[in-house]
Amino acid sequence: MVKISNDYITSLIAMLQSVYIVDKIATTDHDATNESDFLIQSIYTKNTFDADKIYPQKTSLVEGCKLLKDILRGKNDISILTMQKYALNIILIQKNINKISDLKNMIGKKIDNYQDNSMIATNLNDQIAYSEEIYKEYVGIIRPRVVISGKKEYLNKNSSLIRALLLSGIRAAFLWDYHGGSKWHLMFRRKEILNKCENYFI
């Protein structure tokens, strides 16, 4: 049986943190650039499966943890159901990318190419733009597509960051999968995962 480890919980919460911010900037006039920084950075953190190294700012995952607890408790607010749908689509996209080895390798090489360019590798706006490029070039062709609901003005204004955050969500889904994650656990091991969430920040 898969162990519900810290890596398991952190990667799952990080994925939900991504969709939480996506929903927020798609529906409100909220500037989430700074709070998205560590999620975008996670895309370019390679050669480790240690969630604490990929997401060192644990306190920045509060909303993702809260969302996971709401989902596990069966809350059915429209916004929660919407974010849950985004997360499930991200998991499906990750599974489909995993089935296409060439595609997974091409995404990896694209990330490597960015990391090799030290002139732009630490610039957040450049990271967002480059992440959007990866998403449009390689992820946009995968089904199911993640169709984001929101106000047109905010969707247009934040389109680059939304795609970058979706890519960070997919990155988290890969990590969750590596640590044994399965959407079925959210049904059949709900209490165990919820208990881990309750003690996550202790």
Side-chain angles (χ1 to χ4, degrees), residues 2-28 30-75 77 79-91 93-94 111 122 124 127-128 131 135 146 148 150 158 161-183 185-187 189-202:
V2 171
K3 180 183 178 183
I4 307 298
S5 63
N6 177 72
D7 290 308
Y8 179 109
I9 294 295
T10 297
S11 52
L12 178 56
I13 288 174
M15 178 174 62
L16 292 172
Q17 184 75 26
S18 296
V19 300
Y20 168 81
I21 298 177
V22 165
D23 184 66
K24 192 169 185 178
I25 63 176
T27 56
T28 67
H30 176 74
D31 184 358
T33 306
N34 290 335
E35 65 193 85
S36 303
D37 187 2
F38 79 107
L39 292 170
I40 306 304
Q41 292 284 352
S42 73
I43 299 169
Y44 303 95
T45 305
K46 298 183 68 180
N47 303 317
T48 181
F49 294 101
D50 185 337
D52 286 339
K53 291 181 179 178
I54 298 168
Y55 307 103
Q57 297 166 282
K58 201 171 182 179
T59 54
S60 297
L61 295 171
V62 170
E63 295 299 338
C65 187
K66 181 178 181 296
L67 175 56
L68 178 55
K69 288 190 285 188
D70 285 343
I71 291 171
L72 293 171
R73 288 170 178 153
K75 291 192 176 181
D77 296 354
S79 61
I80 293 173
L81 292 175
T82 297
M83 289 183 282
Q84 184 175 343
K85 181 183 71 174
Y86 296 161
L88 289 173
N89 281 346
I90 282 173
I91 292 169
I93 289 170
Q94 178 269 318
I111 291 171
T122 57
L124 179 59
Q127 284 182 331
I128 291 171
S131 300
Y135 189 91
V146 186
I148 304 301
N158 298 308
L161 183 54
I162 286 171
R163 292 188 182 98
L165 285 167
L166 291 175
L167 187 64
S168 78
I170 293 167
R171 194 271 183 267
F174 270 103
L175 186 63
W176 186 53
D177 179 69
Y178 177 84
H179 290 292
S182 167
K183 64 181 180 180
H185 294 166
L186 302 177
M187 294 175 60
R189 301 180 70 177
R190 181 180 303 229
K191 288 184 179 179
E192 184 181 356
I193 296 172
L194 184 56
N195 184 58
K196 291 281 188 179
C197 290
E198 295 289 5
N199 297 293
Y200 184 68
F201 294 105
I202 295 175

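Just so you know, these numbers use all the heavy atoms, side chains as well, and skip hydrogens, waters and symmetry mates. Just so you know, these numbers come straight off a predicted model, no measurement behind them.
When all heavy atoms of L61 and I13 are compared, the closest pair comes out as O-CG2, 3.4 Å. A pairwise comparison of heavy atoms in G169 and S18 identifies N-OG, 3.6 Å as the closest pair. Heavy atoms only, all atoms of each residue included: A164 and S131 are closest at CB-CB, 3.7 Å. In terms of heavy-atom proximity, Y135 sits nearest to L167 at CD1-N, 4.1 Å. Between A173 and M15, the shortest heavy-atom contact is CB-SD, 3.8 Å. Residues A32 and I21 approach most closely at CB-CG2, 3.5 Å, considering heavy atoms.
Note: M83 CE to D23 CG = 5.0 Å, rounded to the nearest 0.5 Å. Note that CZ of F49 and CZ of F174 are 10.5 Å apart. Values are rounded to the nearest 0.5 Å. If you take CD on Q94 and CG on D177, they are separated by 4.5 Å, rounding to the nearest 0.5 Å. Atoms CD and OG, from Q41 and S168 in turn, are 11.5 Å apart once rounded to the nearest 0.5 Å. Atom CD of residue E192 and atom CG of residue L72 lie 11.5 Å apart, to the nearest 0.5 angstrom. In this structure, the separation between CD1 on I170 and CH2 on W176 is 14.5 Å, given to the nearest 0.5 Å.
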Exercise. With side-chain contact (heavy atoms from CB on, under 4.5 Å) as the test, would you mind laying out the steps for L186 and L12 before giving the verdict?
Key: CA-CA 10 Å; L186 302 177; L12 178 56; 3.9 Å; yes

Practice problem: Decide yes or no on side-chain contact (heavy atoms from CB on, under 4.5 Å) for L81 and K85, but give the supporting numbers first. | Solution: CA-CA 6 Å; L81 292 175; K85 181 183 71 174; over 6 Å; no

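Ring orientation note: the planes of F38 and Y55 are nearly perpendicular, at an angle over 60° on the 30°/60° scale.
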Review item, side-chain donor-acceptor pairs of residues 194-201, under 3.5 Å, at least two apart:
residue : atom : partner : partner atom : Å
K196    : NZ   : I4      : O            : 3.3
E198    : OE2  : R73     : NH2          : 2.2
N199    : ND2  : N195    : O            : 2.9
Y200    : OH   : T10     : OG1          : 2.7

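Although no hydrogens or angles enter the test, the distance criterion places no donor-acceptor pair under 3.5 Å between the side chain of H179 and the main chain of N6. Here the side chain of N158 pairs a donor or acceptor atom with the backbone of I25 at under 3.5 angstrom. Of the possible donor and acceptor atoms, none in the side chain of D77 sits under 3.5 Å from a partner among the backbone N and O of S79.
Annotation: K69, atom NZ; neighbour count of heavy atoms from other residues, nucleotides and ligands within 6.0 Å is above 12.
Between L16 and I71, some side-chain heavy-atom pair lies under the 4.5 Å cut-off. Taking 4.5 Å as the limit, some side-chain heavy atom of L175 sits within range of a side-chain heavy atom of I54. A heavy-atom distance below 4.5 Å is found between the side chains of S36 and L161. With a 4.5 Å cut-off on side-chain heavy atoms, E35 and H30 count as touching. Between I40 and L165 there is a side-chain heavy-atom pair separated by less than 4.5 Å.
The salt bridge (charged side-chain N to carboxylate O under 4.0 Å, His left out) pairs that include a residue from residues 37-65 are K46-D112, where partners are two or more places apart or lie in different chains.
Every residue meeting the ring-ring contact (aromatic ring centres under 6.0 Å, His included) condition with H185, not counting sequence neighbours, appears here in chain and number order: Y8.
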